[in-house]
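Report on the following structure.
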Protein chains: 2
Amino acid sequence: MQSFTEENYLKTIYYLATRQEGEVTTNALAEMTATRAASVTDMLRKLADKQLIHYKKYQGVRLTEEGERLALQIIRRHRLWEVFLVEKLGFGWDEVHDIAEELEHVRSEELVTRLDTYLGYPQFDPHGDPIPTPAGQMPETGYRKLSEAGPGDSIRLMGVLEHSTEFLQHLDRCNLTLGCLVTIAEINAFDKSVLVQIESGRPVFVSHEVAKNLLVN
Amino acid sequence: MQSFTEENYLKTIYYLATRQEGEVTTNALAEMTATRAASVTDMLRKLADKQLIHYKKYQGVRLTEEGERLALQIIRRHRLWEVFLVEKLGFGWDEVHDIAEELEHVRSEELVTRLDTYLGYPQFDPHGDPIPTPAGQMPETGYRKLSEAGPGDSIRLMGVLEHSTEFLQHLDRCNLTLGCLVTIAEINAFDKSVLVQIESGRPVFVSHEVAKNLLVN
DNA sequence: CTAAAAATTTAGACTAGTCTAAATTTTTAT
DNA sequence: ATAAAAATTTAGACTAGTCTAAATTTTTAG
Ligand SMILES: [Mn+2]
Ligand SMILES: [Mn+2]
Ligand SMILES: [Mn+2]
Ligand SMILES: [Mn+2]
């Protein structure tokens with residue numbers, strides 16, 4: 001049985017491992033968890049003792065199979081709760097992350113199972129992130145970034161890489177909702193900003209910075 | 001902002017205060033929270049510092065107005081989540097208490113408000129306990145115990161005083177569900193056990209011990 | 001290859017919450 | 001009214017998780 005803190009470290013290690021090659025570093029973890037490197041080192045020794053990570057001093061860290069299973073379980077709970085908050089309680093997709101951060105730690109297998117059933121076995125959370133299976137597999141999506149699409153491409157907005165309230169509210173103001181079909185009208189040669197034509201809507205300017213955080217198929 | 005632990009102490013103090021006259025004692029708290037008296041004393045000093053309880057050494061303890069407000073807020077969350085678990089997720093009334101013990105600590109005003117709306121502003125939880133108002137008032141019910149009813153009385157089962165899984169499952173087996181109408185057929189003079197006639201059902205024997213834990217109107 | 005910089009770990013300390021054992025206060029029973 | 005019993009508090013210690021400052025190891029650059 002893990003503490004909240006241990007669960008958060010596992011989740012963070014998983015997250016960082018998917019974003020870069022090789023081992024996850026102490027400093028990266030310290031930054032993500034808003035603690036100091038010394039605190040991270042202490043926790044890494046504990047997680048290694050529990051066989052949840054592979055850890056050699058100064059060499060960074062990697063989840064064990066069991067560690068990854070637990071991390072995915074926590075991510076599954078987080079994303080299911082986000083679906084609940086948006087679909088059932090009517091929260092905006094920009095409001096649910098912090099609440100899900102708390103709900104994800106409620107420990108009851110039965111609760112997660114019933115919640116999943118109640119929600120109709122959703123495949124994706126409100127931000128387009130895939131929901132890990134009960135068995136602990138993270139579904140592959142094969143999405144690419146909007147910034148990698150070319151002029152004339154007709155694509156569907158499937159997810160976001162950035163989850164901050166500000167970013168999500170910005171998308172709301174641009175009428176860029178998940179699932180909407182857009183066509184790349186033009187890519188500015190100078191700043192790489194993208195002019196997209198939203199299906200049945202007005203054209204919208206998307207900065208390169210924003211385009212890099214939009215996932216499409 | 002209170003920790004989980006502080007919230008649990010406040011809730012326990014409230015609970016004990018409603019069950020007996022006068023101040024709540026250190027030992028009673030130690031027993032309820034499954035800790036030792038010394039630990040309780042430490043916490044009482046902390047809660048007193050935060051002005052959540054009135055506390056004089058050796059004299060027991062009483063919630064301040066602010067302390068009671070917080071306690072009722074936590075009880076409100078607990079009971080709303082229990083309603084959710086039973087009504088929406090299909091849990092049995094004997095399975096929800098422990099999960100609600102965790103959910104009650106998720107801190108978000110907005111979440112509670114929306115949950116309340118989503119559930120249709122329920123007045124009672126699955127055990128017949130009244131749900132405190134958003135403003136922090138505990139509704140009066142005026143129920144009495146089944147053990148206090150007389151022969152011939154026609155009454156409705158409105159709540160339970162005992163919340164253990166065993167007790168609730170026992171009631172399930174006797175077909176004693178909340179809201180059901182029963183008539184007292186006979187009270188045994190020797191052991192005070194009660195023979196009740198359930199509306200549209202077979203008569204059921206209820207021991208005095210059980211009758212003392214059933215609330216009726 | 002080596003010296004400086006960066007990253008990481010160790011040492012020692014602090015808080016919240018808990019414990020046991022000992023001391024103190026209150027209650028109870030002669 | 002007092003002595004014993006019960007309740008409560010204090011003293012001192014422990015764990016989880018955190019911190020700062022110092023020491024160590026690894027990486028980078030010349
Ligand atoms: Mn999230
Ligand atoms: Mn999400
Ligand atoms: Mn309960
Ligand atoms: Mn209840």
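To find a chain, count down the sequence lines: A is the first, B the second, and so on, and within it residues start at 1.
Annotation: proximity of residues 32-43 of chain B to DNA chain D (heavy atom, distance under 4.0 Å) is found for A37(B), A38(B), T41(B), numbered in ascending order. Near DNA chain C, meaning a heavy atom under 4.0 Å away, there are no residues from residues 3-19 of chain A.
Residues S193(A) and D191(A) have side chains that bring a donor and an acceptor to within less than 3.5 angstrom of each other. In this structure, a donor-acceptor pair under 3.5 Å is absent between the side chains of D125(B) and H78(B). Under 3.5 Å, the side chains of E162(B) and S164(B) contain a donor-acceptor pair of N or O atoms. With hydrogens and angles left out, the side-chain atoms of H170(A) and E166(A) include no donor and acceptor closer than 3.5 Å.
The interatomic distance linking L44(B) (CG) with dT10(D) (P) rounds to 11 Å, in whole Å. Rounding to whole angstrom units, CD of residue E23(B) and P of dT27(C) are separated by 12 Å.
In this structure a side-chain-to-backbone donor-acceptor pair under 3.5 Å is present from R79(A) to P130(A). The backbone N or O of G90(A) lies less than 3.5 Å from a partner atom in the side chain of R114(B), making a donor-acceptor pair. Side-chain N or O atoms of E6(A) include one that pairs as donor or acceptor with a backbone N or O of S3(A) at under 3.5 Å. Of the possible donor and acceptor atoms, one in the side chain of R76(A) sits under 3.5 Å from a partner among the backbone N and O of P132(A).
The closest side-chain heavy-atom distance from L215(B) to R144(B) is not below 4.5 Å. In this structure, M158(B) and T141(B) have side chains that are not in contact, with every pair of non-hydrogen atoms separated by 4.5 Å or more.
When base pairs are accepted only as Watson-Crick or G-U wobble with both N-N or N-O distances under 3.5 Å, DNA chain D takes part in stems of 3 or more pairs at C:1-30 with D:1-30.
Note on T25(B): every side-chain N or O is 4.0 Å or more away from OP1 and OP2 of dA7(D). Contact annotation: Y58(B) does not reach the phosphate of dA23(C) (side-chain N/O to OP1 or OP2, under 4.0 Å). At least one side-chain nitrogen or oxygen of K57(B) sits closer than 4.0 Å to the OP1 or OP2 atom of dT10(D).
Evaluation of the side-chain hydrogen bond (donor to acceptor under 3.5 Å, both in side chains) test over residues 63-75 of chain B, restricted to residues two or more places apart or in two chains, returns E66(B)-R69(B), R69(B)-Q73(B). Screening residues 106-149 of chain A for ring pair (Phe, Tyr, Trp, His ring centres under 6.0 Å) gives H127(A)-H163(A) as the qualifying pairs, with residues at least two apart or on separate chains.
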Write out a two-atom table: protein N or O, nucleotide N or O from nucleotides 4-6 of chain C, distance below 3.5 Å.
none

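You'll find that the side chain of Q59(A) is closest to dT26(D), out of dT9(D), dT26(D), dT8(D).
Taking both residues in full, the closest heavy atoms of A71(B) and L10(B) are given as CB-O, 3.8 Å, listed atom of the first, atom of the second, then distance.
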